[in-house]
2 protein chains.
Amino acid sequence: MTDASQYLLVCYLEARADGEPVAPGDVAERLDRSPAATTEMLQRLEQRGYLAYEPYEGATLTAAGRREAESLYDSYVVLAEFFRTVLELEDPDREAIELAGHVSSLVTDRVAETLLESDTEPDDHGGPSLERS
Amino acid sequence: MTDASQYLLVCYLEARADGEPVAPGDVAERLDRSPAATTEMLQRLEQRGYLAYEPYEGATLTAAGRREAESLYDSYVVLAEFFRTVLELEDPDREAIELAGHVSSLVTDRVAETLLESDTEPDDHGGPSLERS
DNA sequence: GTTTTGTTTTAGGTCGGCCTAAACACTCGT
DNA sequence: ACGAGTGTTTAGGCCGACCTAAAACAAAAC
C-alpha cells in the first residue's frame, strides 16, 4: 500500500480540519486526482477495513483506519518538518504526503531524533518544534 | 516511473560490478522479484529506450539509460550515506534503492548538503565522505 | 552427441491505480 | 414540485507490476 496510503492520510487530514464524513471531492482535489479515481480508491479502502464509505456522503475512518492514518500522519509531520527546517523545500507538505507511505517508521523515528537534536543546537532555524502525539 | 527505476538502478549497479550485459537473474535476486517479472520489466525498459535487451543474454544500458541511472545512482549514494551515517539504519542500501526513485533531486541535493555540513562538524561519526561524481 | 541442469522466457491471470464519458443523485431556487 | 447545477458514481478501458506454471533455451556433464 503506497498510493492508497496517500488517500488515507488525506482523509485523516481532512477529517481533522473539516470533520467527518470526508467528501471525496476534497480528497480528489488535494491529491490532484479525478473524482472517479477517488471514489474508487475510497471504496477500496473500505474493503480493506480502513473506513466506512457512504455513497454521496463521504468517508468515515474506522478504528483500524485511524490507527493506520495516525502512523502515516506521524511520518508526515516528521517529514514535513524535516523538509521545511532542514532541507528548506518549497512545498514540504506535498512531498511529505507523497513520501509518508514509502518510508519505514524506522526512518521516520530516526529523522525525528535528528530533528530533536538540531532543535537543541545553537544555530536553531527558529521553526516551531514538533509537539503533538 | 518508480518501480521501474529500481530495476534500472540495479542494472546500473550490476553493470558496474560485473560488467554488461546484466543477467536478469541477478537483478531478480537483488530485488527479490520473480525472474519472470524481471524479464518483463527489462523488456519494458528496452521499449522506453533505457537499455538494449538480448534474450538469454542480458541487458546493456543505452546512453539515455545510463544518464537516467546515474541520476538515480546519485540519489542512491546520498540516501544510503544519509541512512548509514545519520539515521544508522540496518540496511541502508536496500532502503536507498527503494527510495531513490521516489525522492526529487531537490531532496537529494539538500540532503547531500547537510551531509557535507555534518562532515565538517566536530562530532563526526567517522564514516567515509561521499567522493564520487 | 545426448542428456541433464540451470536459467530464461512465454502464457495466462490477478490486482492496483488511473482516466474519460456518461449516468445518477442530491440541493436549490423558482 | 420541478428543472438546473453541482457533485458523485458507474461503466468501460488502459497500462504497470507482479505471480505461477509451463515451455524454451544454453551450456555443461556424461
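Every heavy atom of this structure was used, including side-chain atoms; hydrogens, water molecules and symmetry mates were not. Chain letters run A, B, ... following the sequence lines, proteins first, then strands; residues in each count from 1.
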Would you mind writing out the side-chain donor-acceptor pairs for residues 97-108 of chain B within the sub-3.5 Å range, not counting sequence neighbours?
residue : atom : partner : partner atom : Å
B/E98   : OE2  : B/R94   : NH1          : 2.2
B/S104  : OG   : A/E95   : OE2          : 3.0
B/S104  : OG   : B/V107  : N            : 3.3
B/T108  : OG1  : B/S75   : OG           : 3.1
B/T108  : OG1  : B/S104  : O            : 3.4

Contact check, side chains of A/T39 and A/Q43, non-hydrogen atoms, under 4.5 Å: yes
Do you reckon B/Y56 sits in the same ILVMFWY cluster as B/M41, going by side-chain contacts under 4.5 Å, direct or chained? no
Pairs of donor and acceptor atoms involving the side chains of residues 19-37 of chain A, under 3.5 Å and at least two apart or interchain, shall be tabulated with distances.
residue : atom : partner : partner atom : Å
A/E20   : OE2  : A/L61   : N            : 3.0
A/R30   : NH1  : A/E14   : OE2          : 3.0
A/R33   : NH1  : A/L31   : O            : 2.9
A/S34   : OG   : A/A37   : N            : 3.0

Open item on the list: Working note: B/D93 + B/Y76, criterion side chain to side chain contact (heavy atoms under 4.5 Å, CB included); need CA distance, chi angles, decisive distance, verdict.
Closed with: CA-CA 8 Å; B/D93 274 37; B/Y76 156 75; 2.8 Å; yes
The reported gap from CG in B/L13 to CD in B/Q6 (rounded to nearest 0.5 angstrom) is 11.5 Å
Check your understanding: Just by distance, with hydrogens left out, do B/Y7 and B/R44 show a side-chain donor and acceptor under 3.5 Å apart?
Key -> no
Taken to the nearest whole Å, CD/B/Q6 to P/D/dG16 is 17 Å
When rounded to the nearest 0.5 Å, the distance separating CG of A/L115 from CZ of A/R110 is 14.0 Å
When rounded to whole Å, the CG to P distance for the pair B/L8 and D/dG16 reads 15 Å
Taken to the nearest whole Å, OH/B/Y7 to P/D/dA17 is 8 Å
message = Check this for me, if you would: do B/E70 and B/R67 make a salt bridge, where the nitrogen-to-carboxylate-oxygen distance has to be below 4.0 angstrom?
response = no
Its contact letters, B for base, S for sugar-phosphate only and - for none at protein heavy atoms under 4.0 Å, make nucleotides 2-11 of chain D read -----BBBB-
Using a 4.0 Å heavy-atom cut-off across all strands, classify B/R33 as base, sugar-phosphate, or nothing. sugar-phosphate
Report task. Would you indicate whether the side-chain heavy atoms of B/C11 and B/L42 approach each other to under 4.5 Å? Result -> yes
So the contacted stretch of DNA chain C, first to last nucleotide with an atom under 4.0 Å from a non-hydrogen atom of chain A, runs from C/dG16 to C/dA25
Acceptor/donor pairs from residues 45-55 of chain B side chains to any protein atom, 3.5 angstrom cut, sequence neighbours excluded:
residue : atom : partner : partner atom : Å
B/E46   : OE2  : B/Y53   : N            : 2.8

Whole-Å distance, B/M41 CE to D/dC15 P, equals 15 Å
Contact check, residues 94-101 of chain A vs DNA chain C, heavy-atom distance under 4.0 Å, returns none
